[in-house]
Amino acid sequence: MFKAIHFNRENLNQIFTKKFLIVILISIPSAIVADFFNIPLAWMIGPMIATSLIALNGFQVLMPKIALSSILIILGLHIGNYIDQNLFSQMINWIWTTVIMFFYIVVSILVVSKYLQKFSGYKEKTSIFSAAPGALGPLMILAEYEKSDLSQVATAHLIRLIIIITLFPFIIVNLYPSEALELEKFDYMSQNHLDLVLLIIASLIFIFFFDKFKVPAALLSGTLVASGVLQIFDIASYKLPDFSINFCLLILGASVGCRFANKTFKEVASNSFHGLVATILLVLLGLGAAYIATFFVDNNFLSLILSFCPGGIYEVAVIAIAFDLEPDFVAFHHIIRLLFILFTVPVILRIFNKN
C-alpha cells in the first residue's frame with residue numbers, strides 16, 4: 001500500500017530538500033500574482049510557468065512523488081462527490097463515446113506520427129510515442145524499451161501539456177464565465193469527519209489493489225471507486241473545502257514545470273514549432289470526436305472537449321473540477337483513454353515493424 005502512494009523515507013526526505021523548497025517559494029508568489037491579474041486557473045498556470053522557467057534556466061527543482069500522490073487522492077475525493085446511483089444508467093450511453101475515443105486515439109497516432117516523421121525528422125518509433133494523446137509516464141517506459149529518443153518524446157508531450165493547460169481555461173472562461181466564477185456556499189464543519197477517515201482508508205485499500213493489478217492512474221481511479229462505492233451505498237460521503245482545489249492546482253502546475261529539469265531552452269525551442277502543430281492537429285481531431293459524440297450523448301460540449309483533450313489525466317481532471325464540467329464524465333474518459341493508448345501503441349508498433 002505504501003509503495004502505491006510512494007510513502008517511504010526517500011520520498012519523505014525529498015519534501016525537506018532545497019529542490020522542493022525552491023519549487024514552493026517560486027510557486028506560491030507566482031500563483032498569487034496570476035490570481036491578482038485574474039488569470040483563469042491562476043494557482044495552476046502561475047506555478048507551471050514560473051517553475052518551467054527556472055527549471056530551463058538550470059535551477060535544480062524537484063516534485064516529490066508523495067506530494068503528487070496526496071493531491072491525486074484529494075482530486076479523487078472531489079470527483080467522488082459527483083458519483084451517485086444515476087451514474088450507472090448514464091454509463092450505458094458512454095459506451096458510444098468510449099468507441100469514439102478508441103478511433104480518435106488510433107487516427108491521432110497515425111496522422112500526427114506521419115506529420116512528425118515527414119516535417120520534423122522524427123524516427124518512426126519516436127513519432128508514434130510522441131503522437132499519442134497523453135499517457136506520458138507509461139509511454140516513456142515503452143519508449144525506453146524500444147530504444148526511442150526519450151528527450152524528443154518527453155519534450156513533445158510537455159510542450160503539448162503546457163499549451164493545453166494554458167489555453168483551455170481562457171477558452172472556458174470566455175464561453176462560460178459565470179460557471180467558472182461561482183462558488184457554492186457550504187458548511188464544511190457540520191459534516192461527519194469520520195466519513196473522511198473512512199473514505200481515505202477505503203481509497204488506500206483500492207489504490208493498493210489497483211496498483212497491484214496495474215490499473216491505469218491507480219491513485220485517481222482507486223479513490224474514485226472507493227468514493228463511489230461508499231457514497232452509493234450511503235456509507236460515507238464528504239465534501240472537501242473549495243480551497244483544497246487551489247492546493248491541488250499549485251502542486252500539479254509546479255509538477256509540470258519540474259518535468260523541464262535537465263532540459264534547455266534550445267532543446268525546447270527546437271521542438272516548439274512542430275510540437276505546436278502536433279498539438280493543433282490533436283485538438284482539431286479531439287474537437288471532431290467531441291462533435292461526433294454529441295449525436296450519442298447530451299453532455300455539455302465543453303465537457304466533451306475536455307474528455308477528448310490530449311492533455312494529462314490529472315491536469316484535465318482538475319480543470320473539470322474547477323469549472324464544474326462533469327468531472328466524473330471527464331475522468332472516466334481519460335482513464336479509458338489511458339487504457340486504449342497502452343493497448344494501441346504496442347499494436348501499432350508491431351504492425352509497423354512487420355512492414
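No experiment lies behind these values; they were computed from the predicted model shown.
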Taking the side chain from Q191 and the backbone from K239, do they hold a donor-acceptor pair closer than 3.5 Å?
-> yes
Assess whether atom CZ of F209 is packed by more than 12 heavy atoms of other residues, nucleotides or ligands within 6.0 Å.
-> no
Residue list, side-chain hydrogen bond (donor to acceptor under 3.5 Å, both in side chains) with T97, at least two apart or on another chain | H333
Could you verify whether a donor N or O on one side chain and an acceptor N or O on the other, from Y314 and H334, lie under 3.5 Å apart?
-> no
Non-neighbouring partners of I341 that pass side chain to side chain contact (heavy atoms under 4.5 Å, CB included), sequence neighbours left out | I105, A132, P133, A135, L139, R337, V345
By side-chain hydrogen bond (donor to acceptor under 3.5 Å, both in side chains), which residues pair with N246, not counting sequence neighbours?
-> none
Taking only residues at least two apart or on different chains, which pairs with a member in residues 146-172 satisfy salt bridge (Lys or Arg N to Asp or Glu O under 4.0 Å)?
-> K125-E146
So, the side chain of S244 versus the backbone of L240: is there a donor-acceptor pair under 3.5 Å, distance only?
-> no
If a pair satisfies ring-ring contact (aromatic ring centres under 6.0 Å, His included) and one of its residues is in residues 249-278, list it, with sequence neighbours excluded.
-> Y115-H274
Decide whether I336 and L304 are clustered together by the hydrophobic rule: side chain heavy atoms of Ile, Leu, Val, Met, Phe, Trp, Tyr closer than 4.5 Å, transitively.
-> yes
Only pairs under 3.5 Å count here: list side-chain donor-acceptor contacts from residues 62-71, not counting sequence neighbours, and write none if there are none.
unit_1 : atom_1 : unit_2 : atom_2 : d
S69    : OG     : I5     : O      : 3.1
S69    : OG     : K65    : O      : 2.9
S70    : OG     : I66    : O      : 2.9

Donor-acceptor pair, T294 side chain versus Y291 backbone, under 3.5 Å?
-> yes
Go through the side-chain N and O atoms of E326 and N299 and say whether any donor and acceptor fall under 3.5 Å apart.
-> yes
Pairs where residues 36-57 contributes a residue and the test side chain to side chain donor-acceptor pair (under 3.5 Å) is met, not counting sequence neighbours | none
Which pairs with one or both residues in residues 247-265 pass salt bridge (Lys or Arg N to Asp or Glu O under 4.0 Å), sequence neighbours excluded?
-> R259-E315, K263-E267
Can you list the residues that meet the side chain to side chain contact (heavy atoms under 4.5 Å, CB included) rule with F103, with sequence neighbours excluded?
-> V99
Do side-chain atoms of H78 reach the backbone of P327 as a donor and acceptor pair under 3.5 angstrom?
-> no
Is T17 reaching over with its side chain to a backbone N or O of Q14, donor-acceptor style, under 3.5 angstrom?
-> yes
Kindly give the cluster partners of L25, where membership spreads through any ILVMFWY side chain lying under 4.5 Å from a current member.
-> L21
Those residues that, when tested against N192, pass side chain to side chain contact (heavy atoms under 4.5 Å, CB included) (two or more places apart) | L194, D195
E124: what forms a side chain to side chain contact (heavy atoms under 4.5 Å, CB included) with it, not counting sequence neighbours?
-> Q117, I128, F352
